[in-house]
Amino acid sequence: MSLANPPLPARWRPIRLLTNGALLITGVYLILVVIYAATEASALSAYSIESLLNNSLPLMLAAAGQTFVILQGGFDLSVAGVISLANVIVAVVPVEGPWGALANFAMVVGIGLAVGAVNGLAVAYLRIQSIAATLATMMICKGISLLILQAPGGYVSEFMAYELTGSLFGQVSVAALIALAVALVWVVFRRTNTGLALFAVGRDANAAALSGINVRRTRFIAFCWAGVFYGAAGYMLAAQTSTGNPAAGDPFLLLCFAAVALGGTSFSGGAGGVIASLMGAATLMLMQKVLFSTGVSSFYTGVFQGTVMIVAVLLMTLVHMASRQRRAQR
Amino acid sequence: MGSVAALAVAGLSKRYGATVALRSLTMRIVPHEVHAVLGENGAGKSTLVKILSGAVQPNSGTIELAGQPYAPRTLLGARRAGISTAFQELSLLPNLSVAENLLLPRVSGTRFWPEAAGSITRRAEAVLKEWAVTDIDPVARVEALSLAERQRLEIVRALSHRPRLLILDEPTAALPDATWLFRQVRRLTETGVAVLYISHRLSEVRELCQRATVLRNGESIDTVDLAGVKDDQIFAMMVGRAPERAYPAPVAAAAGAETLIEARGLTTGRLRDVSLSLKSGEILGVAALEGQGQLELFRALGGVGTHEAGEVRYNGRPVALTSPRRALRAGDGIAYVPEERKTEGIFGGLTAAANMSLPQVPRIARGGLIHHRLDVAATRTAAEAVSLADRYFGFRVSDLSGGNQQKVVLARALMTRARCLVMFDPTRGVDVGTKQAIYTMMRGFVADGRAILVYSSELSELVHLCHRCLVIYGGRIVADVGRDRLTEEYLLAAAHGHGGAAPLRAAS
């Protein structure tokens, strides 16, 4: 004997937009912009905006890469190693001119891709835990960086140091364009079959496999994307600092996880997105500026960043709970 | 049946380490046929499904699909060969939309640029419509669907791959009404497709299937024409002995019982102003259509969910059930047995013994370390109550069959020594043998002055098990049915909001 089932409506989209998209963190960012503009007279000058964007871009790229790995359900520590390595390579083998910059870019992206592929092979096919595998590749990359360049030095091609950190036609910041391009790539990618597979594998690898998704291939691709973005992050860092430093990647290790968390991407995988992480990274960097402009000692930077992170994640959880209750009440 | 078999399996076996999941399975399914596979937990049904779906590879034996040798290594390989499966543990992704789930792994059908969302939705809509599902929104996320809707989606997905052989593994476990499913299955078989049908509900099997293969301990015992055998004979083949009566009569509640749990005016989610009292020595049933607020009620009493208004008293004293831990400490203890054991009830990576003794750590520890002998002794008593065999103690729970997992969950609830059990659909998706063990445990539990509140989606179970049964409709209790009036027809009428006034004919 059986009981009939009353149909339920099943749409709740505004909340979905808020939790899945980057709305919340963008709001936080805008609030900080207002505070910054109110406390710093030159905040909205072209130079100031440009330098803020230039400062933020390397972390934004690193966080974007990290997001791919976190979405599929893992962690990638190799970010620190790849950024250092890319940074050092660009400073040791500088090639002048726009084509030279492109050649340098191809080099570091190739290196990032290679490291990502190694990570992907280790995690997806050899089933090594992602933290262990990427810890190893991070150490190897840092070691190679030190072999290439023992101390900060080298120099970066003029085109990279000036054109890539400047503005196009004196109007549009190149850094902003690059960030926008990354966002666009993500918007398209997440709608591809591999993009969907990323979310599926991160949520439930077993169900994904039973749905016909190639889980190992998906994980592998996620690590490759991540490596490419780390390479680009190291490249932009070199452009911004005009020098090579074998320890350049170290601060990125924890900050890029903070940026991803701030964006609301779930560390357990399957929920979040690259745009949110881009905004998370930008927010972290802007926060430093705001603290400086409001006269807070730089010793407190870490304390504030951590606090804001917790508040943002809490807010996210509250929104999630509200949406779940909505659902339960229907 | 002299034609080429749709599926012919011979001597199939599969071992997981020391565990033999399949010993020797031989069966034949012809086109146009709906063929049932019957067996207790651990008889090998799930393993058979996994092998045919390409999820695991057998150790020996041969499979032929329409006369061709068949040895799939992946799920997609199986699909290409013409086998698709609706899995028992539902393989849907809750964070993706209905449309995306339906079309995985190739959601976007275009080559160089992702297909427009609207076009994906339209394709999904067409698939849903083709299989007569009109009430599920293709844009909705699967996590917003009820269990029954998910089950239908899982089935539609399997149907949509146009298989030559369709495997349905417990397709009605969460499906309150099988009419839709049967209609689709018949439509499919008319075109020559064969269906392998696994279900614990024998009445369903009789309605839909022509022949059945009975498995026991990983071996195929026999294939029978269902028209020619009685239920008793089938049970006998499944268990290898004459079965006990399906439902022994309940023992009457002792006079002078004390009220253990008393809830007044509980309101939360769909639940509106619900009051109830649970007395010692009583099995109090709850019947309801899906999603009438019963889950909220059980979660509130188990300390898993919250309630907005109302209060709960234990032995007359108010208690705050804000967490399962608080619930266990309330009065003489309330232990909650959750609905979805896979996600809510169990640590798949730990052994059965560890799962059972986990809440008991203080009692079995000496100086902060777990005392092995105490652990084993305490565990064995609880396991005996649910007739879980000792040999499973060392197994990781994720390696156990569904029925045995449920026994572990129940044993753990028993080990809390709580006086009240709050059980949400404890027999969902478990086989006949396990059901019997659970019934026996429940009766023994209340016999010495303890009490059980139980929800079940199977009305016959409530009728035979409970001393009293509440019916919830639209978030309110609409009927309180005593033992003397307890019939399936009566409960069904009340559950549809007829207040038990005019008993309906039993719905088919």
Side-chain angles (χ1 to χ4, degrees), chain A residues 1-13 15-16 19-20 71 73 185-218 266 268-273 320-321 323-330, chain B residues 53 55 74-76 79 85 87 89-96 98 100-101 104-108 113-115 117 135-137 139-141 143-146 148-149 157 172 175-179 203 268-270 287-292 296 305 457-460 488 492 495-496 506-508:
Chain A
M1 183 168 291
S2 61
L3 298 173
N5 176 41
L8 288 170
R11 251 192 244 226
W12 183 245
R13 305 197 71 191
I15 291 279
R16 196 172 143 187
T19 53
N20 211 18
L71 277 178
V185 166
W186 170 249
V187 167
V188 175
F189 173 77
R190 68 159 297 166
R191 286 175 43 214
T192 63
N193 289 326
T194 311
L196 279 169
L198 200 61
F199 284 87
V201 169
R203 177 62 183 249
D204 184 343
N206 191 33
L210 292 181
S211 299
I213 288 170
N214 188 335
V215 174
R216 286 189 283 193
R217 180 173 164 273
T218 307
S266 159
S268 49
H320 262 297
M321 267 162 59
S323 78
R324 202 165 299 153
Q325 224 149 44
R326 255 337 248 249
R327 243 176 247 145
Q329 274 173 17
R330 267 200 339 244
Chain B
S53 312
T74 64
L75 190 93
L76 288 182
R79 262 190 209 170
T85 308
F87 291 94
E89 304 282 0
L90 306 194
S91 58
L92 304 171
L93 276 313
N95 58 339
L96 301 186
V98 169
E100 287 161 350
N101 267 288
L104 278 176
R106 272 187 60 98
V107 176
S108 170
W113 191 258
E115 190 177 345
D135 58 338
I136 298 180
D137 182 353
V139 185
R141 277 225 241 186
E143 60 197 347
L145 302 187
S146 72
E149 287 170 324
R157 185 160 81 173
T172 54
L175 213 58
D177 187 357
T179 327
S203 57
T268 176
R270 295 183 144 241
L289 302 173
E290 199 184 326
Q292 299 299 313
E296 286 95 328
S457 50
E458 277 184 48
L459 294 179
S460 58
E488 288 184 44
L492 193 71
H496 278 87
S508 56

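Note that the structure is predicted; figures quoted are calculated from it, not measured. Each chain gets a letter, A, B and so on, in the order its sequence line appears, and its residues count up from 1.
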_Listing request: all salt bridge (charged side-chain N to carboxylate O under 4.0 Å, His left out) pairs with a residue in residues 193-203 of chain A, at least two apart in sequence or in separate chains._
A:R203-B:E143
*asked:* Counting heavy-atom pairs under 4.5 Å with chain B, which one of A:G195, A:S211, A:A200 comes out on top?
replied: A:S211
*For atom CZ of A:R191, decide whether the heavy atoms of other residues, nucleotides or ligands shown that lie under 6.0 angstrom number more than 12.*
yes
_Restricting to non-hydrogen atoms, name the atom on B:A55 and the atom on A:L210 that form the minimum distance, rounded to 0.1 Å._
CB-CD2, 4.5 Å
*Picking from A:L196, A:I213, A:N193, what satisfies side chain to side chain contact (heavy atoms under 4.5 Å, CB included) with B:R106?*
A:N193
*Do you know which of A:T192, A:V188, A:T194 has the most heavy-atom pairs with chain B at a distance under 4.5 angstrom?*
A:V188
_Leading residue by heavy atom contact count with chain A [cutoff under 4.5 Å; candidates B:V107, B:L104, B:N95]_ = B:N95
*Between B:L92 and chain A, which part of the residue has a heavy atom less than 4.5 Å away: side chain, backbone, both or neither?*
backbone
*With sequence neighbours left out, write down each residue that passes side-chain hydrogen bond (donor to acceptor under 3.5 Å, both in side chains) with B:T172, or none if nothing qualifies.*
B:E204
*Can you find a pair of side-chain heavy atoms, one from A:F199 and one from B:L93, that are under 4.5 Å apart?*
no
_Please classify the contact between A:A197 and chain B as side chain, backbone, both or neither, with a heavy-atom cut-off of under 4.5 Å._
neither
*Roughly how far, to the nearest 0.5 Å, is the CG atom of B:L76 from the CG atom of A:N214?*
8.0 Å
